[in-house]
Amino acid sequence: MKNARKGSLLLLAGWLVLLAGCYRQPADTRAADEAALRARDAEWSQTAGAKDAAGFAAFFADGGVFMPPNGPALTDRAAIEKWAAALTANPGFAVSWTVAQVEVARSGDLGYTRGTYELTLNDAKGKPMTEKGKHVTAWKKQADGSWKVVADIFNADQ
């Protein structure tokens, strides 16, 4: 009985060693993913600055949430596009943002960007007024390898 138990333990140990030898840690692609995410975020800023409301909304993943200040969270692209179209229709509209930090999970499927923005609109007298603020965006890598926004929030520094 002792020999059978000992033999079973040795067989189990052998299988564990064999399985451990077959396991390979996935390649660490964080540096490449962070560069791709930084470029994707810059592309999104350019799209917004070009007053492309549909293009702005297209950066969101299905089920993504946009949380602009002073309003409800928007959870579908049509609502996000409508919000963006209303904002970009304002006289004097200009927007841009920059990324100060990008981080991607070791798994390579989630990441976030954090940075600052500038939004300019004309006031009631037609004078341009610029708001400065900060933003955080959570991104998820899609099945095709592209990055889409799953959550975005921003607010003014004032």
Side-chain angles (χ1 to χ4, degrees), residues 19-158:
L19 289 174
C22 292
Y23 176 76
R24 296 187 196 275
Q25 181 82 14
D28 186 353
T29 61
R30 283 180 289 188
D33 287 331
E34 287 173 5
L37 201 48
R38 186 176 296 276
R40 183 78 169 141
D41 199 278
E43 179 185 359
W44 192 29
S45 176
Q46 290 173 349
T47 300
K51 301 181 182 184
D52 182 353
F56 176 85
F59 276 81
F60 284 82
D62 291 338
V65 62
F66 180 50
M67 298 170 279
N70 306 313
L74 306 174
T75 57
D76 65 75
R77 283 193 199 120
I80 295 167
E81 182 177 344
K82 183 178 177 182
W83 180 92
L87 181 66
T88 59
N90 282 291
F93 169 83
V95 69
S96 66
W97 60 83
T98 58
V99 172
Q101 181 180 7
V102 178
E103 191 164 334
V104 175
R106 173 89 164 90
S107 61
D109 62 342
L110 291 172
Y112 73 87
T113 54
R114 176 187 61 78
T116 58
Y117 73 89
E118 287 191 14
L119 171 65
T120 301
L121 302 171
N122 289 352
D123 66 12
K125 295 180 181 178
K127 180 182 172 192
M129 293 184 55
T130 299
E131 172 183 284
K132 294 182 180 190
K134 61 263 181 210
H135 65 90
V136 175
T137 306
W139 299 80
K140 184 173 184 179
K141 190 183 279 186
Q142 305 299 294
D144 66 0
S146 68
W147 288 93
K148 295 270 189 171
V149 176
V150 292
D152 181 67
I153 190 165
F154 69 98
N155 57 54
D157 290 342
Q158 291 89 350

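Throughout, residue positions are numbered sequentially from 1 according to the sequence presented.
Formation of a donor-acceptor pair under 3.5 Å by the His135 side chain with backbone atoms of Val99 is not found in this model. A donor-acceptor contact shorter than 3.5 Å links the side chain of Ser45 to the backbone of Trp97. Looking at Asp76, its side chain does come within 3.5 Å of a backbone N or O of Ala79 through a donor-acceptor pair. Without hydrogens or angle criteria, Lys148 side chain to Ala58 main chain gives a donor-acceptor distance under 3.5 Å. Side-chain N or O atoms of Ser146 include none that pairs as donor or acceptor with a backbone N or O of Gln142 at under 3.5 Å. Counting only distance, with no hydrogens or angles, the side chain of Lys134 and the backbone of Ala156 share a donor-acceptor pair below 3.5 Å.
Between Ile80 and Trp83 the shortest side-chain heavy-atom distance does not fall below 4.5 Å. Counting heavy atoms from C-beta on, the side chains of Val95 and Lys51 never come closer than 4.5 Å. With a 4.5 Å cut-off on side-chain heavy atoms, Leu121 and Leu87 count as touching.
For Lys125 and Asp123, the salt-bridge test fails: no basic side-chain N is under 4.0 Å from an acidic carboxylate O.
With values rounded to the nearest 0.5 angstrom, Asp152 atom CG is found 10.5 Å from Leu74 atom CG. Separation of atoms CZ (Arg38) and OG1 (Thr98) is listed at 9.5 Å; rounding is to 0.5 Å.
Of all heavy-atom pairs spanning Thr130 and Glu118, the tightest one is CG2-OE1, 4.0 Å. Minimum heavy-atom separation, Val150 to Ala61: CG1-CB, 4.0 Å. Between Trp147 and Ala36, the shortest heavy-atom contact is NE1-CB, 4.2 Å. Pro128 approaches Thr120 most closely through the heavy-atom pair CB-CG2, 4.0 Å. Nearest heavy atoms, Val136 versus Arg114: CG2-CG, 4.2 Å. Across all non-hydrogen atoms, the minimal contact from Ala73 to Val65 is CB-CG2, 3.7 Å.
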Pair Asp41, Trp139 - check side-chain contact (heavy atoms from CB on, under 4.5 Å), show working. CA-CA 10 Å; Asp41 199 278; Trp139 299 80; 3.2 Å; yes
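Each of Phe60, Phe66, Phe56 was evaluated against Val149; a single residue qualifies, Phe60, per the side chain to side chain contact (heavy atoms under 4.5 Å, CB included) test.
Within 6.0 Å of the CG atom in Asn70, the count of heavy atoms belonging to other residues, nucleotides or ligands does not exceed 12.
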